[in-house]
Amino acid sequence: EAPGTEQELTDGFHLVIDALKLNGIDTVYGVPGIPITDLGRMAQAAGIRVLSFRHEQNAGYAASIAGFLTKKPGVCLTVSAPGFLNGLTALAHATTNCFPMILVSGSSEREIVDLQQGDYEEMDQLAIAKPLCKAAFRVLHAQDIGIGLARAIRAAVSGRPGGVYLDLPAKLFSQVMNADAGAKSLVKVIDAAPEQIPSPSSVKRALDVLKSAKRPLIILGKGAAYAQADEAIKTFVEKSGVPFLPMSMAKGLLPDLHPQCAGAARSTVLKEADVVMLIGARLNWLLSHGKGKTWGEAPKKFIQVDIEPKEMDSNVEIVAPVVGDIGSCVSAFLDAMGANWSAAPSDWLATVAKKRDDNVAKMAPKLMSNASPMDYHGALGALRTIIAERPDTIFVNEGANTLDLARGVVDMHKPRKRLDVGTWGVMGIGMGYSIAAAVETGLPVLAVEGDSAFGFSGMEVETICRYKLPICVVIFNNDGIYRGTDVNSAGDDPATTVFVKGSRYDKMMEAFGGVGVNATSPDELKRAVNAALDSGKPTLINAVIDPAAGSESGRIGNLNPQSILQKK
Ligand code: OXT
Ligand code: ADP
Ligand code: MG
């Protein structure tokens, strides 16, 4: 071929696609439009799975949880300004939750944007993304695409994982360059998240503190689930003999029914422990910042295992910080414990077990209720049995009562099977998480959603039907946010927390060819979920819940500010 003929040229579109493929990124979540429509088409033609959503926020949440499940950055692709902003919530969410994700967004012409001359979808996206992510990059020249993507991947997965923004202006895609030079400009990222070995002295210090404890506790967070060091963590916990408390998304890392699990004795272990080892969990609001009433009177010593050194002492003093990746840290603990490690004191274990068994026994009769309309416990009792029988099912969960009660009732049996609202308690993750969970793992998904929670991403049921994903959505329909019983005494408008009474969300699913079921009793619910999981057909079950059954804000009502002027 003569130099300069078409065969020897490549362009920005192809370089982006080749760079993704070279780095093993085989799935992209997004919404098409100017300037990235053709990028999506070409990526699909090149064998990348491109999942097209109805709203970028849901595509972004999908990418974020893909990152959590795979330890590879989940990629979300959006158009400029409004599409970018829709995706940005998810990028910030990924950063907050320590999930690796890359938001790739097309953007408008730099020259026009910077002079604020009113371009199509004009916005200085790079500047806006920066404070909400770990790193933000823009690529202006086709020959820099390889480096740009390599930097984005490294930033997303190394150290504490998080969200990265990659800005690709429209003009970049049509830039051409020599194909050989283009291929050479691509970078295959080697060892994107290198092992981070803890210092031997930090390991020894931590074990010395743990050994000195009379009432030790291990708290496992979603960082421990992310690390995929499941066997090492299990061996360490069992060898230590220490009771463990899983944070919400760490449930199942060791089974909830494990004899050392203190999930059902939460208050007791937080109050009474004298040494607490945090593994991939932060002392943020979900752990009452490590102080105050929740943690009781007795003095406590904290050991913290985390990849992020700046996390140490964020809320209280950490007497034994261990900085490294969790796999390496836990292996180092196991090596240093040797053969003669004596397990935690048995009287403490017995105290924890007693409290746990009491709480489990107290809850048991509530789970048997077959009342109609259902209350939360009756409905969840049915779902708990299903998950016990099908432990590989991925359980997605959002809402207030629907979230808090499901967390306690539905035992998890395997790692990374529970996905929920995370650090922000955000509503809207439901359908995006479900789609990515099904796509990335090939496993069936059961999404248990408050009726309000579902509304934030409900249009994606069309996406679920379009891609024929094995997702069963159960909506706990109590006619509103927290409860469906509020009234507005001041006028004709409905109260701010209630929805149309008796809504039939199952009809939405039927509109797109999925299976819709209206379930009014736990028995009906159980039958419908089992049928959905057996068939793998997209299914939506409208589970009718007593509108009076819930409580304000679920388990976190105490966080609502109180007016001293208004009587409740
Ligand atoms: O030890 P004690 O005795 O204390 O007992 C504990 C355990 O030991 C015990 N337990 C058990 N007992 C028996 N058996 C078993 N197996 C067992 N397991 C545990 O049970 C108790 C409780 O245990 P738990 O849950 O572990 O402990 P606790 O004390 O609750 O833990 C504290 C927390 C803080 C760690 C925990 O509560 C937690 O993780 N909470 C997360 C809460 C959260 O994130 N909530 C979501 C946000 S709420 C609100 O913001 C909502 N909004 C506003 C909004 C949001 N969020 N986002 C956006 C984008 N816009 C707006 C909205 C709109 S929620 C919401 C919608 C709500 O309406 P829906 O219709 O969707 O939902 P419904 O409420 O159902 O109507
Ligand atoms: P949870 O909400 O479950 O308590 P958090 O999101 O608060 O969990 O905490 C997760 C922690 O795990 C973060 O501080 C993060 O730096 C850390 N982390 C994430 N991945 C790893 C890893 N591979 N090794 C060590 N720490 C990690
Ligand atoms: Mg509700």
Side-chain angles (χ1 to χ4, degrees), residues 71 89 96-100 159-162 193 196 219-229 245-251 256-257 261-271 278-288 294 304-308 310-311 314 323-329 355-356 358-364 367 376 384 398-411 420-430 449-456 475-484 497 499 545 547 549-557 559:
K71 298 184 92 174
T89 309
T96 298
N97 283 276
C98 315
F99 300 159
R160 170 182 279 175
Q196 297 199 17
I219 299 183
L220 300 170
K222 58 177 157 343
Y226 173 80
Q228 296 193 17
L245 178 68
M247 300 299 287
S248 193
M249 280 177 56
K251 276 168 71 82
D256 280 339
L257 300 177
C261 183
R266 186 177 196 271
S267 307
T268 303
V269 289
L270 293 186
K271 279 205 179 70
L278 299 152
I279 305 183
R282 289 171 285 187
L283 281 175
N284 56 15
W285 71 282
L286 290 156
L287 284 168
S288 307
T294 309
Q304 185 158 22
V305 181
D306 205 287
I307 202 157
E308 174 57 67
K310 293 199 295 289
E311 187 57 39
S314 61
V323 175
D325 74 90
I326 285 167
S328 299
C329 293
K355 179 67 197 175
R356 182 191 65 211
D358 285 353
N359 268 351
V360 170
K362 227 186 291 167
M363 191 190 273
L367 304 178
Y376 287 92
R384 162 194 167 105
E398 60 179 335
N401 295 283
T402 303
L403 173 88
D404 288 337
L405 295 170
R407 184 178 58 248
V409 170
V410 179
D411 293 320
D420 69 24
V421 299
T423 305
W424 268 346
V426 68
M427 298 299 112
I429 48 91
E449 303 268 314
D451 52 338
S452 165
F454 172 73
F456 288 75
I475 297 180
F476 275 20
N477 186 0
N478 65 347
D479 294 345
I481 299 178
Y482 313 138
R483 271 182 311 256
T497 54
F499 302 142
I545 303 284
S551 59
E552 179 94 358
S553 300
R555 297 267 310 165
I556 57 171
L559 298 181

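Each ligand, and each atom within it, is numbered from 1 in the order the structure gives. Both backbone and side-chain heavy atoms feed into the values below; hydrogens, waters and symmetry mates do not.
Contacts with ligand 2 closer than 4.0 Å are made by side-chain heavy atoms of Cys98 only, the backbone lying farther away. The residue Ser248 has no part lying near ligand 1, judged by heavy-atom distances below 4.0 Å. Contact annotation: for Lys362 versus ligand 1, there are no heavy atoms closer than 4.0 Å. Only the side chain of Asn284 comes within 4.0 Å of ligand 2, counting heavy atoms alone; its backbone N, CA, C and O stay farther away. Under 4.0 angstrom from ligand 1, the non-hydrogen atoms of Leu403 all belong to its side chain. Residue contacts with ligand 1 for Phe454 are absent, since no atom lies close enough (heavy atoms, distance under 4.0 Å). In Asn359, the parts holding a heavy atom less than 4.0 Å from any atom of ligand 1 are both the side chain and the backbone. For Tyr376, every heavy-atom contact with ligand 1 shorter than 4.0 Å involves the side chain, none the backbone. With a heavy-atom cut-off of 4.0 Å, Ile556 touches ligand 1 through its side chain alone. Only side-chain heavy atoms of Phe456 come within less than 4.0 Å of ligand 1; its backbone N, CA, C and O stay farther off.
Between Met247 and Ile219, the closest side-chain pair of non-hydrogen atoms falls below 4.5 Å. Counting heavy atoms from C-beta on, the side chains of Asn477 and Phe454 never come closer than 4.5 Å.
Between the Glu398 side chain and the Val421 main chain, no donor and acceptor come within less than 3.5 Å of each other. When atom types are taken as modelled, the side chain of Arg266 and the backbone of Leu245 share no donor-acceptor pair closer than 3.5 angstrom.
A salt bridge links Arg160 to Glu311: at least one charged side-chain nitrogen sits closer than 4.0 Å to a carboxylate oxygen. We find that Asp404 and Arg407 are joined by a salt bridge, their nearest charged nitrogen and carboxylate oxygen being less than 4.0 Å apart.
Atoms of ligand 1 lying under 4.0 Å from at least one heavy atom of Ala400, given by number and element, are 64 (S), 67 (C), 72 (O), 73 (P), 74 (O). Every atom of ligand 1 with a heavy atom of Ala453 under 4.0 Å away is listed here by number and element: 71 (O). Shown in contact with Thr402 at under 4.0 Å from a heavy atom are these atoms of ligand 1, numbered in order with element: 72 (O), 73 (P), 75 (O). Each of the following atoms of ligand 2 lies closer than 4.0 Å to a heavy atom of Gly280: 8 (O), 9 (O), 10 (C), 11 (C), 12 (O). Of all atoms in ligand 2, listed by their number and element, those nearer than 4.0 Å to a heavy atom of Gly221 are 3 (O). Applying the 4.0 Å criterion to heavy atoms of Met247 picks out, from ligand 2, the atoms 3 (O), 4 (O). Within ligand 1, counting atoms from 1 as listed, the ones closer than 4.0 Å to a heavy atom of Asn478 are 76 (O). Remark: ligand 1 atoms within the under-4.0 Å shell around heavy atoms of Val360 are 13 (C), 14 (N). Using a 4.0 Å cut-off to heavy atoms of Val421, the atoms of ligand 1 that qualify are 44 (O). If you number the atoms of ligand 1 from 1 as listed, the ones under 4.0 Å from a heavy atom of Ser452 come out as 63 (C), 66 (C), 68 (O), 69 (P), 70 (O), 71 (O). Of all atoms in ligand 2, numbered sequentially from 1 with element shown, those under 4.0 Å from a heavy atom of Gly324 are 24 (N), 25 (C).
In summary, an N, O or S atom of Asn478 is located under 2.8 Å from the Mg ion (ligand 3). For the Mg ion (ligand 3), the N/O/S atoms of Asp451 include one lying under 2.8 Å. Backbone or side-chain N, O or S atoms of Phe476 do not reach the Mg ion (ligand 3) at under 2.8 Å.
Between Leu286 and ligand 1, a contact under 3.5 Å exists for no N or O pair. Taking any N or O of Val305, backbone or side chain, none lies under 3.5 Å from an N or O belonging to ligand 2. Taking distance alone, with nitrogen or oxygen atoms compared against 3.5 Å, Tyr226 stays at or beyond that limit from ligand 2. Residue Arg160 has at least one nitrogen or oxygen atom sitting less than 3.5 Å from a nitrogen or oxygen atom of ligand 2, judged on distance alone. Close N/O approach between Pro161 and ligand 2 is not found [any backbone or side-chain N/O within under 3.5 Å].
Relative to atom 47 (C) of ligand 1, the option among Ala364, Gly480, Gly425 with the closest non-hydrogen atom is Gly425. In this structure, of Gly263, Pro246, Gly408, the residue bringing a heavy atom nearest to atom 7 (C) of ligand 1 is Gly263. The residue from Arg555, Met363, Glu449, Arg266 that puts a heavy atom closest to atom 31 (O) of ligand 1 is Arg266. With distances taken over non-hydrogen atoms, the option nearest atom 3 (O) of ligand 2 out of Lys222, Gln196, Glu311 is Lys222.
Regarding atom 49 (C) of ligand 1, its nearest protein heavy-atom neighbour is Tyr482 OH, 3.6 Å. From the protein, the heavy atom lying nearest to atom 54 (C) of ligand 1 is Met427 CG, 4.0 Å.
Here the straight-line distance linking atom CZ of Phe476 with atom CG of Leu405 works out to 9.0 Å at 0.5 Å rounding. A distance of 9.5 Å separates CD of Glu308 from CD of Gln196, quoted to the nearest 0.5 Å.
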task = Kindly determine whether Ser452 and Phe499 satisfy side-chain contact (heavy atoms from CB on, under 4.5 Å), including the steps that lead there.
result = CA-CA 8 Å; Ser452 165; Phe499 302 142; 3.7 Å; yes
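Taking 4.0 Å as the cut-off, Ser248 does not count as a neighbour of ligand 2 on heavy-atom distance. Within the 4.0 Å heavy-atom cutoff, Ala250 does not count among the residues contacting ligand 2.
Under the 4.0 angstrom criterion, atom 20 (O) of ligand 1 counts as lacking any protein heavy-atom contact. There is a protein heavy atom closer than 4.0 angstrom to atom 38 (C) of ligand 1.
The heavy-atom pair separating Ser328 from Asp325 by the smallest distance is OG-OD2, 2.6 Å. When all heavy atoms of Tyr226 and Pro100 are compared, the closest pair comes out as OH-CG, 3.5 Å.
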